[in-house]
Amino acid sequence: QVQFVESGGGLVQPGGSLSLSCVASGFALDYIAVGWFRQAPGKEREAVSCISSVADSTYYTDSVKGRFTISRDNAKKTVYLQMNSLKPEDTGVYYCAADLFHYYCSSNRWHAYDYRGQGTQVTVSS
């Protein structure tokens, strides 16, 4: 069974940190670009970050540059998103998604990705 499962979300105060993980099962990550997306209440889902198959290329949306770090361990079939200096506007459901047809980050569109997780809630509030 193909699954992409996120974990690590929670409630954190502004300025705090969270580390998200996304584990793949039923397929290998070795040649696949993986993206993180988020959706805030009442807003459209947006691309947050992406990492190429061998981690030689990464993408970050402007609002998270310098605060978020994406990484991956293909042997563990896991992609990570380290989030530091969190702000209330980072609140949302965070999803990971795999682009089966590209080893590099080719798109910021949610529907360009093939395997998508169910999401983990991140709430930044005092």
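Hydrogens, waters and symmetry mates are skipped; everything else that's a heavy atom, side chains included, is used. Worth saying up front: this structure is predicted, and the values here are computed from it rather than measured.
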Looking at [atom1] of [X] and [atom2] of [Y], how far apart are the two atoms once the value is rounded to the nearest 0.5 Å?
X    : Y    : atom1 : atom2 : value
S25  : K77  : OG    : NZ    : 6.5 Å
N74  : S53  : CG    : OG    : 7.0 Å
C96  : Y115 : SG    : OH    : 13.5 Å
Q13  : S126 : CD    : OG    : 7.0 Å
S19  : M83  : OG    : CE    : 8.0 Å
W110 : E46  : CH2   : CD    : 12.5 Å

- Decide side chain to side chain contact (heavy atoms under 4.5 Å, CB included) for S52 and Y103; before the verdict, give the C-alpha distance in whole Å, the side-chain angles of both, and the deciding distance to 0.1 Å. CA-CA 6 Å; S52 63; Y103 61 88; 5.7 Å; no
Check whether [X] and [Y] end up in the same hydrophobic cluster, where Ile, Leu, Val, Met, Phe, Trp and Tyr are linked by side-chain heavy atoms less than 4.5 Å apart.
X    : Y   : answer
V34  : V2  : yes
I51  : F27 : yes
Y113 : V48 : no
V79  : V64 : yes
I70  : I32 : yes

Worksheet item: Is the count of non-hydrogen atoms from other residues, nucleotides or ligands lying under 6.0 Å from Q118 atom CD greater than 12?
Response: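 No, because the 6.0 Å sphere around CD of Q118 holds 12 heavy atoms or fewer from other groups.
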Test applied, side chain to side chain contact (heavy atoms under 4.5 Å, CB included); reference residue, S125; option that passes from V12, L86, L11: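 For S125, the side chain to side chain contact (heavy atoms under 4.5 Å, CB included) test succeeds with only one of V12, L86, L11, which is L11.
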### Query
Run the side chain to side chain contact (heavy atoms under 4.5 Å, CB included) check on D114 and F101 step by step: do they pass?
CA-CA 9 Å; D114 308 283; F101 297 98; 3.6 Å; yes
Side chain to side chain, [X] and [Y], heavy atoms closer than 4.5 Å:
X   : Y    : answer
K87 : P14  : no
R72 : L29  : yes
S17 : Q82  : yes
L81 : S49  : yes
T91 : V122 : no
W36 : C22  : yes
V23 : F4   : no
N84 : L18  : no

query = When the aromatic ring centroids of Y60 and F68 are compared, is their separation below 6.0 Å?
reply =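 For Y60 and F68, the ring centres are not under 6.0 Å apart.
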With no hydrogens and no angle check, just 3.5 Å: does a side-chain donor-acceptor pair link Q121 and T123?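 The criterion, which ignores hydrogens and geometry beyond distance, is satisfied for T123 and Q121.
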**Message:** For S107 and D99, which I'm curious about, is there any donor-acceptor pair between the side chains at under 3.5 Å?
**Reply:**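 No.
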So, for A33 and C50, which heavy atoms are closest and what is the spacing to 0.1 Å?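 Taking A33 first and C50 second, the nearest heavy atoms are CB-SG, 4.4 Å.
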Report task. Decide side chain to side chain donor-acceptor pair (under 3.5 Å) for D73 and T78; before the verdict, give the C-alpha distance in whole Å, the side-chain angles of both, and the deciding distance to 0.1 Å. Result -> CA-CA 5 Å; D73 185 334; T78 303; over 6 Å; no
| said: Does the structure place the NZ or CZ of R45 under 6.0 Å from the centre of the six-membered ring of Y95, at an angle of no more than 45° from the ring's axis? | reply: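 Yes.
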*Any chance you could lay out the ring pair (Phe, Tyr, Trp, His ring centres under 6.0 Å) test for F37 and Y94, step after step, and finish with the verdict?*
CA-CA 6 Å; F37 292 77; Y94 282 69; over 10 Å; no
message = Under 4.0 Å between a side-chain nitrogen and a carboxylate oxygen: does that hold for D90 and R67?
response =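 Looking at R67 together with D90, the answer is yes, because their closest N to O distance falls below 4.0 Å.
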Polar side-chain atom of E6 near backbone of G119 as donor-acceptor pair, under 3.5 Å
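Looks like yes, one N/O pair under 3.5 Å.
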request  = Show your reasoning for whether side chain to side chain contact (heavy atoms under 4.5 Å, CB included) applies to V93 and T120.
outcome  = CA-CA 5 Å; V93 180; T120 185; over 6 Å; no
